[in-house]
Amino acid sequence: MIVVTGAYGFIGSCLIGFLNEKGITDIIAVDDFSKIEKEPNLVGKQMAQRIEREAFIQWFSENTPSVSFIFHIGARTDTTEFDYSIHEKLNVQYSKDVFNICEKHSIPLVYASSAATYGNGELGYDDHDPSVSFDLKPLNPYGISKNEFDKWVLSSQSVSSQLTEKSSESLTTDNSKTDNLHWFGLKFFNVYGPNEYHKGRMASTIFHFFNQINAQGEVNLFKSHRPDYADGEQMRDFVYVKDVLKVIWFLYHNYEKVESGLYNLGTGKARPFNDLVKNVFKNVGKSLKINYIPTPEDIRDKYQYFTEANMDKLHNEGYDEKFYSLEEGIEDYVQNFLKQNKYY
């Protein structure tokens with residue numbers, strides 16, 4: 001059986017749909033299934049069993065022989081949640097519990113990390129040197145929690161031998177190392193796509209702009225407060241969820257050949273918000289109208305002006321699929337999902 005945590009959410013539900021397309025239905029879906037607004041994400045999908053998030057660790061401990069792979073996608077992803085104890089419980093400790101069981105029984109694991117770990121990017125967006133994780137300064141509790149788990153994993157695995165002496169001493173390490181465990185932490189950049197209807201303010205900008213255009217015929221973008229960027233030219237690495245699914249599928253099939261570690265998951269090409277908005281307008285079929293508004297002062301000093309994944313590491317491990325361009329991804333998302341209110 002394959003386990004998918006976060007099964008009720010955006011990427012997790014898309015992953016289950018993708019696995020179904022590949023003929024895989026022996027899936028254990030894990031999440032907090034009390035969030036009924038997420039139920040449409042799983043309608044029509046085939047699974048062997050649903051298990052509540054709070055019951056899963058015990059279930060997993062008792063049923064490890066039947067589990068062949070774990071996709072740990074579940075997390076508290078709200079960047080506006082500033083109670084770190086919530087992130088620590090769900091993103092750090094829960095992930096440790098999952099990882100420890102995988103380690104004990106050598107069950108391959110793909111887990112969701114985040115580009116939020118890179119903070120404002122002062123150290124770049126390069127995933128080659130694992131020791132960099134110990135020097136990163138995420139900008140919010142969500143990013144901090146993701147980075148704390150990344151550091152814990154690095155400190156407990158054989159890859160820790162590659163860490164600098166300073167970094168290795170910065171954490172209490174787990175003395176039990178396992179070279180037989182195959183694990184991959186994927187640093188998701190700005191993922192967008194179907195099945196994010198439930199996410200509210202945390203949904204992608206494409207989702208919000210689509211709705212703004214239909215309701216008001218215009219879009220608001222933040223002004224630039226830096227002389228080196230024009231208004232709307234702030235850049236992000238926007239990656240379509242279908243590319244995320246293809247990368248996960250690649251790791252599932254090649255986990256014994258690919259080196260365990262942290263991997264960026266973006267397109268490798270940053271694009272301005274102006275380009276994104278223009279393409280949403282184009283696919284909605286309305287004339288372009290952008291209002292540039294001041295960035296709120298409480299987030300102005302933490303606002304990222306540029307993110308771009310260095311994707312060489314994944315490509316060097318053999319992943320050679322072409323990524324959706326921003327134009328292609330927006331067209332598919334708007335035309336085939338948002339306009340029809342469809343789910344993946």
Sequence neighbours excluded, the answer for ring-ring contact (aromatic ring centres under 6.0 Å, His included) partners of Phe222 is Tyr303

- [ ] Please check if any side-chain donor atom of Asp237 sits under 3.5 Å from a side-chain acceptor atom of Thr267, or the reverse.
- [x] yes

| task | Say whether Asn274 and Glu233, considering side chains only, have a donor N or O and an acceptor N or O under 3.5 Å apart. | result | yes

Enumerate, atom names and distances included, each donor-acceptor pair closer than 3.5 Å involving a side-chain atom of residues 53-61, sequence neighbours excluded.
from: Gln58; atom 1: NE2; to: Glu62; atom 2: OE2; distance (Å): 3.2
from: Ser61; atom 1: OG; to: Ile57; atom 2: O; distance (Å): 2.9

Sorted by chain and number, sequence neighbours left out, salt bridge (Lys or Arg N to Asp or Glu O under 4.0 Å) with Lys246 holds for Asp243

Phe18 meets the ring-ring contact (aromatic ring centres under 6.0 Å, His included) criterion, sequence neighbours left out, with Trp249

Salt bridge (Lys or Arg N to Asp or Glu O under 4.0 Å) filter on Asp332, not counting sequence neighbours, yields Lys242

Would you tell me whether Tyr8 and Glu39 have side-chain atoms, one donor and one acceptor, within less than 3.5 Å of each other?
yes

Sequence neighbours excluded, the answer for side chain to side chain donor-acceptor pair (under 3.5 Å) partners of Asp150 is Tyr111, Ser113

Salt bridge (Lys or Arg N to Asp or Glu O under 4.0 Å) filter on Arg271, not counting sequence neighbours, yields Asp275, Glu327

> Strictly under 6.0 Å, is that where the ring centroids of Phe99 and Trp152 end up?
Replying inline: yes

Have Asn283 and Gln335 got a donor and an acceptor in their side chains that come within less than 3.5 Å?
yes

Applied to residues 313-326, the side chain to side chain donor-acceptor pair (under 3.5 Å) test, sequence neighbours excluded, yields Lys322-Glu328, Ser325-Glu328

I'd like to know if Glu148 and Lys151 make a salt bridge, using a cut-off of under 4.0 Å between side-chain N and carboxylate O.
yes

Across all chains, not counting sequence neighbours, the side chain to side chain donor-acceptor pair (under 3.5 Å) partners of Asp26 are none

So ring pair (Phe, Tyr, Trp, His ring centres under 6.0 Å) across residues 277-300, not counting sequence neighbours, yields none

The salt bridge (Lys or Arg N to Asp or Glu O under 4.0 Å) partners of Arg300 (sequence neighbours excluded) come to none

- [ ] Answer yes if the ring centres of Phe69 and Tyr252 are under 6.0 angstrom apart, and no otherwise.
- [x] yes

Practice problem: Ignoring hydrogens and angles, state whether a donor on the side chain of Thr117 or Asn147 is under 3.5 Å from an acceptor on the partner side chain. | Solution: no

Could Glu88 and Lys146 be called an ion pair, given the rule that one side-chain N must be under 4.0 Å from one carboxylate O?
no

Give a yes-or-no answer on whether the side chains of Asn20 and Gln46 include a donor-acceptor pair shorter than 3.5 Å. no

With sequence neighbours left out, the residues meeting side chain to side chain donor-acceptor pair (under 3.5 Å) with Asn310 are Asp126

